[in-house]
Amino acid sequence: MEPIEAIVLAVIQGLTEFLPVSSSGHLALAHWLLGGRAPIHTELPLEYVVLVHFGTLLAVVLYYAEDFAVILRDIFRGRGSGEGRRPRGWGRKVGWLLVVATVPAAVVGVLFKGYVEALFNVPWVVGISLLITGTILLVGERVGQRNKSETETTLLDAFVVGVGQAVAIVPGISRSGSTIATGLGVGLTPEWSPRFAFLMSVPIILGGTVYEVRDLLAHGAVQNLALYSLCGLISAVFGYLAIRLVINAVRAGNLKYFAAYCYMVGILAIVVDVYGLLTHHFAARPSVAGQYT
């Protein structure tokens, strides 16, 4: 893997993991534009994937370190004593909300992972998914009462937001976008919805990273550790910045700008793929039909 490609993909991973524009979709399209001829998950070195995913995990854990500390303390101390502005038992309740919200994505990931992976090198499918993401953002920002704080969020609310996360297994549908928009749709406040969305990303990212580490240990020797560690750090830095940007955008009601971006990139991906505008560069790229055989 060339250093420039590794760094570019690390920046994209860090930003788009949390921006509501789909990290999987952008990584697939970037990989395609950089000359990849097979689905990105089959060409990227496993050690690279582990480290950049760890970088995004580190970003959200550091950003919400205090929240996670309270959740863990409340879980191990029963109802807990509260922490600052958080009421007694806050961490225990939020912990259960995170568990319930994680279930749909975990089930869908196990059952449909193989089917979804075939879509990663089909740019027009990614493009359509980005159009869906844009629509989800626009709808989510316009519906719902938006008056539920964390103490008023129910397990049913958490499950519905978890379904939004499960849908994002498709490349091009943003995990952060679908969870934030779904959260707003079920009535979560503009402050709590992105916060809950980012908190619930940790079990999924952690689970995926652990799965990748298991494969890496079975894979053998690690290559280019210095470069890939740098890429993990880059992913963490840009991920941290992206979290702050999204929080401010949701509070200001500016998800429409991300929706417009998703529409633009989605339409471009569809046009370029359908009309074969880059076929001279990707003569050996598998046909769409071949992705499903």
A side-chain contact here means heavy atoms from C-beta on lying under 4.5 Å apart; do [X] and [Y] qualify?
X: L255; Y: P20; answer: yes
X: F198; Y: T179; answer: no
X: L29; Y: L130; answer: yes
X: L138; Y: K256; answer: yes
X: E17; Y: L15; answer: no
X: F238; Y: I12; answer: no
X: L27; Y: Q13; answer: yes
X: L98; Y: I71; answer: yes

Taking the side chain from [X] and the backbone from [Y], do they hold a donor-acceptor pair closer than 3.5 Å?
X: S235; Y: V52; result: yes
X: D74; Y: G91; result: yes
X: Y240; Y: Y63; result: no
X: T133; Y: G172; result: yes
X: S193; Y: T189; result: no
X: Y48; Y: A10; result: yes
X: K93; Y: T151; result: yes

Practice item. Decide side chain to side chain contact (heavy atoms under 4.5 Å, CB included) for I270 and V126; before the verdict, give the C-alpha distance in whole Å, the side-chain angles of both, and the deciding distance to 0.1 Å. Key: CA-CA 8 Å; I270 294 169; V126 175; over 6 Å; no
Exercise for review: Show the numbers, then the answer: is there a side chain to side chain contact (heavy atoms under 4.5 Å, CB included) between V21 and H26?
Suggested key: CA-CA 8 Å; V21 295; H26 276 73; 3.8 Å; yes
Verify same cluster id: [X], [Y] (apolar side-chain graph, 4.5 Å):
X: L233; Y: L227; answer: no
X: L184; Y: L156; answer: yes
X: Y257; Y: V250; answer: no
X: L111; Y: V170; answer: yes
X: V163; Y: I180; answer: yes

Rounded distance [0.5 Å steps], [atom1] in [X] versus [atom2] in [Y]:
X: N224; Y: E2; atom1: CG; atom2: CD; result: 10.0 Å
X: I132; Y: I173; atom1: CD1; atom2: CD1; result: 4.5 Å
X: S24; Y: R175; atom1: OG; atom2: CZ; result: 11.0 Å
X: L188; Y: T182; atom1: CG; atom2: OG1; result: 9.5 Å
X: T102; Y: L206; atom1: OG1; atom2: CG; result: 10.5 Å
X: I136; Y: S178; atom1: CD1; atom2: OG; result: 6.0 Å

Work out which heavy atom in [X] is nearest to a heavy atom in [Y]; give both atom names and the distance.
X: A30; Y: L9; answer: CB-CD2, 3.8 Å
X: L97; Y: E150; answer: CD1-O, 4.1 Å
X: S22; Y: S174; answer: N-CB, 3.3 Å
X: A181; Y: L137; answer: CB-CA, 4.4 Å
X: V60; Y: S201; answer: CG2-OG, 4.0 Å
X: G239; Y: F18; answer: O-CD1, 3.5 Å

Point to revise | Connected hydrophobic set around I204, excluding itself, where side chains approach under 4.5 Å | key: none
Practice item. Would you indicate whether F159, at its atom CZ, is surrounded by more than 12 heavy atoms from other residues, nucleotides or ligands within a distance under 6.0 Å? Key: no
Check your understanding: Under 6.0 Å from the CZ atom of F54, do we count more than 12 heavy atoms belonging to anything else shown?
Key -> no
Review point. Do you know which of V246, I247, L245 makes side-chain contact (heavy atoms from CB on, under 4.5 Å) with I243?
Key: I247
Practice item. Tell me whether the centres of the aromatic rings in H53 and Y228 are closer together than 6.0 Å. Key: no
**Study point:** NZ/NE/NH1/NH2 to OD/OE distance under 4.0 Å, R195 and D67
**Key:** yes
Check your understanding: Can you list the steps and then say if C262 with L131 is a side chain to side chain contact (heavy atoms under 4.5 Å, CB included)?
Key -> CA-CA 6 Å; C262 288; L131 298 183; over 6 Å; no
Check your understanding: Side chains of W192 and T153: donor-acceptor distance under 3.5 Å anywhere?
Key -> yes
